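Just below is one structure, and these are the notes that go with it.
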Amino acid sequence: MLNHSRVTTSFLVLFPQNHSVPNNSSLYKKPFVESFEETPLLVAVLTYMGYGILTIFGYLRDFLRQWNIEKCHVAREREEQKDFVPLYQDFENFYTRNLYMRIRDNWNRPICSVPGAKMDLVERVSHDYNWTFEHTGKVVKDVINMGSYNYLGFAENIGACADAAVKATHKYGAGVSSTRCEMGNLDIHEELEQLVARFLGVESSMAFGMGFATNSMNIPALTGKGCLILSDELNHASLVLGARLSGSTIRVFKHNNMQSLEKLLRDAIVHGQPRTHRPWKKILIVVEGIYSMEGSVVRLPEVIALKKRYKAYLYLDEAHSIGALGPNGRGVVDYFGLDPKDVDIMMGTFTKSFGAAGGYIGGKKELIDYLRTHSHSALYATSMSPPVAQQIITSMKIIMGEDGTKLGADRLRQLSENTTYFRRKLRDMGFIIYGNDDSPVVPMMLYMPAKIGAFGREMLKRNIGTVVVGFPATPIIESRARFCISAAHTREMLDTVNACVFIQYVNTDYFKSRTQKSLRLVCKPVEHLLH
Amino acid sequence: MVQAFYEAPAYHLILEGILILWIIRLLFSKTYKLHETYKLTEKEKEDLIEEWQPDPLVPPISKDHPSLNYDVVTGPPSHKIIINGKECINFASFNFLGLLDNERVKQKALASLKKYGVGTCGPRGFYGTFDVHLELESRLAKFMKTEEAIIYSYGFATIASAIPAYSKRGDIIFVDEAACFSIQKGLQASRSFIKYFKHNDMEDLERLLKEQELEDQKNPRKARVTRKFIVVEGLYINTADVCPLPELVKLKYKYKVRIFLEESMSFGVLGEHGRGVTEHFGVNIDDIDLISANMENAVASIGGFCCGRSFVIDHQRLSGQGYCFSASLPPMLAAAAIEALNIMEEDPGTKCCSVHSNLTPGLRLVGVPFAPALHLQLDRSSGSRDSDMQLLRNIVDYCMQRQVALTLARYLEKEERFLPPPRYVNVGGNHASWVGCSQRFQSDPWDELAKCKNSTVKAVELIVVAVPHTDQYDLQSNNNSRRTDKKE
């Protein structure tokens, strides 16, 4: 009953007719180990039952609310506008009202300190079942932070980065109030862009104020009508929005599945545009470095081989992988040991590994020149704030080792050690973990709706802040808890988290038979120590 | 029956037999289609793949494209700005209240930096909500006298995420032609029906609304679920004039449409306390369903916000794309915004002064007198957009040498729906360069103002001297240029 499928991709079966792409095992310099265990059948059935029961209760509650038997906290339309067309359809909000509201306290938790390895949460209580929250005024101190994207630990308020940001604020102020094209191009922006280009190993780069906007404003500048975008199934909302705004045709291939991508490429080139059969102007493959909900890493060597064979262009979104993967922290290209010039458009964000905000695009000089003149962001949106730009410059120099210390190398090593250790421990304890063995994003499956709320709350009681995700960010039965490992986490913190994750009555270890009895006996005493 | 078979005449039997044989033949013959379908052989497919050549990823850009080389600013972009090594008076940043180099704002930002660091390392839902964000939201809601406010981390993304959160495929949006680019992107993302009405023309809008009403009467079932919105700006960035808000509110109740108001330029500037165009006209703020503004102009920070009733705003917390899927605003910028709000509240006497001077012929000032940012337009065009842009660029360069910083308004020519100015434009239209006026000066206000006015007058006079008097510039267009001398 417990279907166990571990997929190692050293030997992949190729599309039979294609002779020119070499056998995959030679493309990977080290074993590429990813696993997505299938959902156990019993668990799937119980999950659907759980959702069914919740839906029935939801309808019951709506009925009670309508007949005023239960107090209704939902915000109402104005009296004067009662005869307008309703702003929301009742059905659209069903999920929000009846399922999300009950476990809403697991999200939007306010913090009042640096989002480092440990953080302070603002304590809040709800007296009306999560419809409204009150702040008690107390602060929950030293909560272990497994939720922030702080891969290299640069979210700190002391140290070289913070000092440099202070100097930049004194020099430039906090805001800019103008676009890049007009008066907003400061010398610090030019310095940042040259540094980013050197870091990535590309000819030139351009920085923007928001990562989401980098995707949604630059993809329309690159493609238009008559172009084809092949995008992965699980791409981020910003990539999907950018692709839609561009007006190109979009085709989706299965997540990280190279046969599906190759089939789409062949069909596209052979048959051309739909109905007219004109040849496509451009084909753009859009993939991400690390997918944040799955923890999987893109199969970049194969994508590049396909791209070269079929003359497509590659857009790589390294939001989570820049700084977090690779021996030098240069992202997924570094991790596979490939040439950065093979990727046409390298995009990434500064929010995750650099502790700042904003996004960048790197590539050939012609590409960046074109974006300088045609990107929506450069012409219409305000440029990046100076202290934020300074933070990126300082942290990037530390990672590259240009500040003279070994701090960057230490952090990179610490991150990869932490990742391997944490993943191995959780897997040994019997939990279902998705994703690549080297990715610092660790999704742990929960499946059942009730466990989402229970897990989040119980971990908070034990002073650990985790992120739980459910529908619609994930498929309906595959809700999960997600841990983000950071270089700032110590071994003790990871051990504490490991011990606490095994919460007896929540029971999220679905592979009990795989765990050796001795290991479970070891975990139990540790848990008693903590309570 | 067998008897009838024997009694039938011979020719009848033969005919029937032939017919039966024909039917059998038809039944067993292969079917054929009118259009032959084809299947490509593998070799043909490989050949097609070999032959296909894509376009280059980006078209080549000429080296002297006007937007290619940016002017480099060293030092703070405040009202004295150093561009390309030269110190100029800044007439080009949207620093309306002069808060970019305010010491109090900087100190608050530094205090926040020392407490929280720079970045937030997460979206609002996953430990990216800081207490400063909550404080800023409640302060904004209190300042604007609405129930709730929501903050975005990027000004452009604010209205571009708010519109698609409410208006979906099948809904109808009525927009002014001069709407700014971020509104256009929001409209495009929403996939609704868009109907443009002429700039600030209420009769045109009413005509469109009446047409829609007739359509609704034909199909009441569909009309009951089709949401309708009007999207306008308080102070238009492309034409520097104000929307007629009281008439819009009347139209709203008459035709039952909701109003979304974009107040990036007018927040902090119009109205007695700086609350924007609703205060300026004395309209009840609850009549407007959603007010969106960015904090990058008057408030001199980064980001944007939407405010309104909880019924409307709360929806964006789960369906605003730029809110849910993006990292939150760095806390130091939120703290800077809070301090800027404090300053605005303490000193409600902020008014925008206008720098209308005796503008010599050749240039026309576009915009309402109390607008903080105005356009200078060429009176008559030389016939091609490129040469006009080149001429304006020369004017801007000339001014910069005289220590006055102006800037050319840039537009994405192929992407803008209605290329400004508001008249429907072919390639040979008028163009604009910005003149932004900073209204609060730290040191002696009247002194600086006089200096500012003198510099502008001098710059403009010099412009006329510098501009070659070709046939295209008609000196009799004196009558057309506005000569307003108001100073408040």
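Keep in mind that this is a model prediction, so the values were computed, not measured. Every chain is numbered from 1 and lettered A, B, ... according to where its sequence line falls, protein lines coming before strand lines.
For the pair B:F156 and A:M210, the minimum side-chain heavy-atom distance is 4.5 Å or more. Counting heavy atoms from C-beta on, the side chains of B:I61 and A:H374 come closer than 4.5 Å. Looking at heavy atoms from C-beta onward, A:Y380 lies out of side-chain contact with B:K185 at the 4.5 angstrom threshold. Proximity of A:N108 to B:R124: side-chain heavy atoms (C-beta onward) are separated by under 4.5 Å at one or more points. In this structure, the side chains of A:W107 and B:T129 stay at 4.5 Å or more apart for every pair of heavy atoms. Put simply, the side chain of A:R309 reaches to within 4.5 Å of the side chain of B:I49, judged on heavy atoms.
Of the atoms belonging to B:P60, not a single heavy atom falls under 4.5 Å from chain A. Both the backbone and the side chain of B:E50 come within contact range of chain A, with heavy atoms under 4.5 Å apart. Only the backbone of A:S383 comes within contact range of chain B, with heavy atoms under 4.5 Å apart. For B:P59, the parts lying near chain A are the backbone and the side chain together; criterion is any non-hydrogen pair under 4.5 Å. With a 4.5 Å cut-off on non-hydrogen atoms, B:R317 does not touch chain A at all. Using a 4.5 Å cut-off between heavy atoms, B:V225 touches chain A through backbone and side chain atoms alike. Proximity to chain B is absent for every atom of A:I158, based on heavy atoms less than 4.5 angstrom apart. Neither the backbone nor the side chain of B:K168 comes within less than 4.5 Å of any heavy atom of chain A. For B:V105, no part lies near chain A; criterion is any non-hydrogen pair under 4.5 Å. With a 4.5 angstrom heavy-atom cutoff, B:R224 touches chain A only via backbone atoms. With a 4.5 Å cut-off on non-hydrogen atoms, A:A357 touches chain B through its side chain but not through its backbone. Neither the backbone nor the side chain of A:S238 comes within contact range of chain B, judged by heavy atoms closer than 4.5 Å. Residue contact with chain A, scored on non-hydrogen atoms closer than 4.5 Å, is absent for B:A160. For B:L113, the parts sitting under 4.5 Å from any heavy atom of chain A are the backbone and the side chain alike. Proximity to chain A is absent for every atom of B:N294, based on heavy atoms less than 4.5 angstrom apart. For B:S182, no part sits under 4.5 Å from any heavy atom of chain A, backbone or side chain. Of the two parts of A:T466, only the backbone, made up of N, CA, C and O, holds a non-hydrogen atom closer than 4.5 Å to a non-hydrogen atom of chain B. Contacts between A:Y313 and chain B at a heavy-atom distance below 4.5 Å involve the side chain alone, from C-beta outward. In this structure, chain A has a heavy atom under 4.5 Å from the side chain of B:A336, while its backbone stays farther away. The contact between B:V312 and chain A is made by backbone and side chain atoms together, counting heavy-atom distances below 4.5 Å. In this structure, chain B has no heavy atom under 4.5 Å from any part of A:Q390.
With salt bridges taken as basic N to acidic carboxylate O contacts below 4.0 Å, one links B:D287 and A:R78.
Between B:Y154 and A:A381, the shortest heavy-atom contact is OH-CB, 3.3 Å. Residues A:C112 and B:D131 share a closest heavy-atom pair of CB-OD2, 3.1 Å. Counting all heavy atoms, side chain and backbone alike, B:G122 lies closest to A:Y149 at CA-CD1, 4.0 Å. The shortest heavy-atom contact between A:A165 and B:V118 is CB-CG2, 4.0 Å. Between B:V257 and A:F84, the closest heavy-atom pair is O-CE2, 3.4 Å. Among all heavy-atom pairs drawn from A:L186 and B:V72, the shortest one is C-CG1, 4.4 Å.
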Please step through side-chain contact (heavy atoms from CB on, under 4.5 Å) for the pair B:F229 and A:L87, ending with a clear verdict. CA-CA 10 Å; B:F229 303 96; A:L87 192 53; 3.8 Å; yes
Derivation of the salt bridge (Lys or Arg N to Asp or Glu O under 4.0 Å) call for A:R266 and B:E46: CA-CA 9 Å; A:R266 288 180 74 85; B:E46 292 291 329; 3.2 Å; yes
B:L134 vs A:H135, side-chain contact (heavy atoms from CB on, under 4.5 Å): CA-CA, chis, key distance, verdict: CA-CA 11 Å; B:L134 298 174; A:H135 293 176; 3.7 Å; yes
Passes ring-ring contact (aromatic ring centres under 6.0 Å, His included), A:Y88 versus B:F311? Steps please. CA-CA 10 Å; A:Y88 317 116; B:F311 174 70; 5.2 Å; yes
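Judged by distance alone, with hydrogens and angles left aside, the side-chain atoms of A:N157 form a donor-acceptor pair with the main-chain N or O of B:K114 at under 3.5 Å. Panel note: side chain B:K256, backbone A:Q81; no donor-acceptor pair is recorded below 3.5 Å. Proximity of a side-chain donor or acceptor of B:K106 to a complementary backbone N or O of A:H170 within less than 3.5 Å is detected. Between the side chain of A:K311 and the backbone N or O of B:W52, at least one donor-acceptor pair lies under 3.5 Å. The backbone N or O of B:A189 lies less than 3.5 Å from a partner atom in the side chain of A:R244, making a donor-acceptor pair.
Atoms CG and CD1, on B:L57 and A:I345 in that order, are 4.5 Å from each other to the nearest 0.5 Å.
Around the NZ atom of B:K43, the shell of radius 6.0 Å holds no more than 12 heavy atoms that belong to other residues, nucleotides or ligands. No more than 12 heavy-atom neighbours from other residues, nucleotides or ligands sit within 6.0 angstrom of NZ on B:K222. Remark: B:K252 NZ is packed, more than 12 non-hydrogen atoms of other residues, nucleotides or ligands lying under 6.0 Å away.
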